[in-house]
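So the structure is just underneath, and the comments pick up after that.
One is the number of the first residue; the rest follow in order along the sequence.
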Amino acid sequence: MSEVKLNHLTTERRNEKTMNLDTLSTRELLEIMNEEDHKVPDAVREAIPEIEKAVQAIIKALRSGGRLIYMGAGTSGRLGVIDSAECMPTFGTTYEVVGLLAGGPGAFLTAVEGAEDDAELGKQDLVDQKLTEKDVVCGIAASGRTPYVIGGLDYARSIGATAVSVACNKNSEVGKHADVAIEVDAGPEVLTGSTRLKSGTCQKLILNMLSTASMVGYGKVYGNLMVDVKATNLKLIERSKRIIMMATDCDYETAAKMYEVSGNYPKVAIVMILTGCTKEEAEERLNKNEGFVRQAIK
């Protein structure tokens, strides 16, 4: 097997500040980790122009019935799965956001040997998802060279879907296979090559931005309230009622009643309260305004 060249990757370099990591006191180690972590948000800030392009592409996809499909291996893939899973309760999504992990769902807990090195597997996972030109595929790879992600991005572009890459190295290989390349350099890890650290934090921040900003642009938010929250437990039921209260300045009893009348749909309850209309009229207003509450209450 030929050598895989990693020396040029920032994520594989040794951090000069931690060459004697094993000799540091616990306090010293923690302070250095914290100091290094502080570099991540500033590094992400530099990539906002590319993140903006990706968000605009995702909003366009969602409005046309397409999806945001994350794909990656290891920590990168797990972060995509986490973000996609959180979109359902937070924004009431159903099919709109998908997370693919090299090796399948079981790889979330136990690594699947060789899965990330298989470009054909990346393509096949998207074929199995019935990828269309309406979708956006976001390939996540800290190293920026993962074959599984490259295979997926190449297939996405071949059928006209938008390909977005997220890497923690500049001039990444995955970036060459994407329509929008988000590349952030936060410096070498405290523990050499452990990309679950700063690189993982970096990716999490970017995915937070991609999904949240896209959902705002897709009509899932009113003010700074998650009005499409899907209540799957008692905490979220109470949060839904509080959202109704904050959006309309009504009391708890009114919020609870309208939440029930709306079919447990905060967005509908808010429109009903603010306009005095029926549930059916509120739903019609929202449908005509692509789900945006602010337009529906005018």
Side-chain angles (χ1 to χ4, degrees), residues 44 51 54-55 57-59 61-62 65-112 115-116 121-122 124-126 128-132 134-142 146 148-149 152-153 156 161-162 164-166 168 182 195-197 199-221 224-240 243 264-267 291:
V44 171
I51 297 171
V55 168
I58 295 165
I59 292 171
L62 294 174
R67 299 166 291 174
L68 165 61
I69 301 178
Y70 291 126
M71 65 184 309
T75 297
S76 300
R78 293 182 185 103
L79 288 169
V81 170
I82 289 170
D83 200 68
S84 66
E86 290 292 340
C87 283
M88 186 277 287
T90 305
F91 300 111
T93 57
T94 51
Y95 68 89
E96 293 98 332
V97 187
V98 177
L100 300 178
L101 178 59
F108 194 90
L109 296 178
T110 305
V112 176
E116 71 173 71
L121 179 61
Q124 188 58 51
D125 280 354
L126 292 177
D128 292 344
Q129 286 292 321
K130 296 180 172 56
L131 189 75
T132 77
K134 294 180 180 180
D135 298 322
V136 172
V137 174
C138 180
I140 315 162
T146 308
Y148 172 80
V149 171
L153 294 177
T162 301
V164 174
S165 65
V166 176
C168 296
I182 301 170
T195 52
R196 67 189 180 85
L197 301 177
S199 294
T201 302
C202 172
Q203 292 170 323
K204 182 68 171 81
L205 292 178
I206 292 170
L207 301 191
N208 286 350
M209 297 169 101
L210 291 178
S211 57
T212 304
S214 296
M215 290 300 161
V216 172
Y218 186 41
K220 296 287 188 177
V221 174
N224 62 354
L225 301 173
M226 53 175 86
V227 292
D228 256 329
V229 61
K230 181 170 289 187
T232 56
N233 56 47
L234 289 175
K235 179 190 74 175
L236 292 180
I237 290 174
E238 288 306 305
R239 179 179 292 168
S240 297
I243 286 170
N264 303 337
Y265 196 0
K267 182 183 279 188

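- The main-chain N or O of A142 is never found under 3.5 Å from a side-chain atom of S199 such that the two would form a donor-acceptor pair.
- Paired with V166 under the rule side-chain contact (heavy atoms from CB on, under 4.5 Å), one option of I51, I206, V149 passes, and it is I206.
- You'll find the side chain of S211 stays beyond 4.5 Å of the side chain of V97, heavy atoms only.
- Distance check: T212 OG1 to K220 NZ gives 13.5 Å after rounding to the nearest 0.5 Å.
- With hydrogens and angles disregarded, no donor-acceptor distance shorter than 3.5 Å links the side chain of E86 to the backbone of S84.
- Considering only heavy atoms from C-beta on, V55 comes within 4.5 Å of L210 through its side chain.
- Shortest non-hydrogen contact noted between L153 and V164 is CD2-O, 3.6 Å.
- Between the side chain of T146 and the backbone N or O of Y148 there is no donor-acceptor pair closer than 3.5 Å.
- For L236 against N233, the heavy-atom pair with the smallest separation is N-OD1, 2.8 Å.
- Closest non-hydrogen pair, S76 versus A141, comes out as OG-CA, 3.9 Å.
- Q129 and D125 share no side-chain donor-acceptor pair at under 3.5 Å.
- Looking at R78, its side chain does come within 3.5 Å of a backbone N or O of A107 through a donor-acceptor pair.
- Of the possible donor and acceptor atoms, one in the side chain of D135 sits under 3.5 Å from a partner among the backbone N and O of T132.
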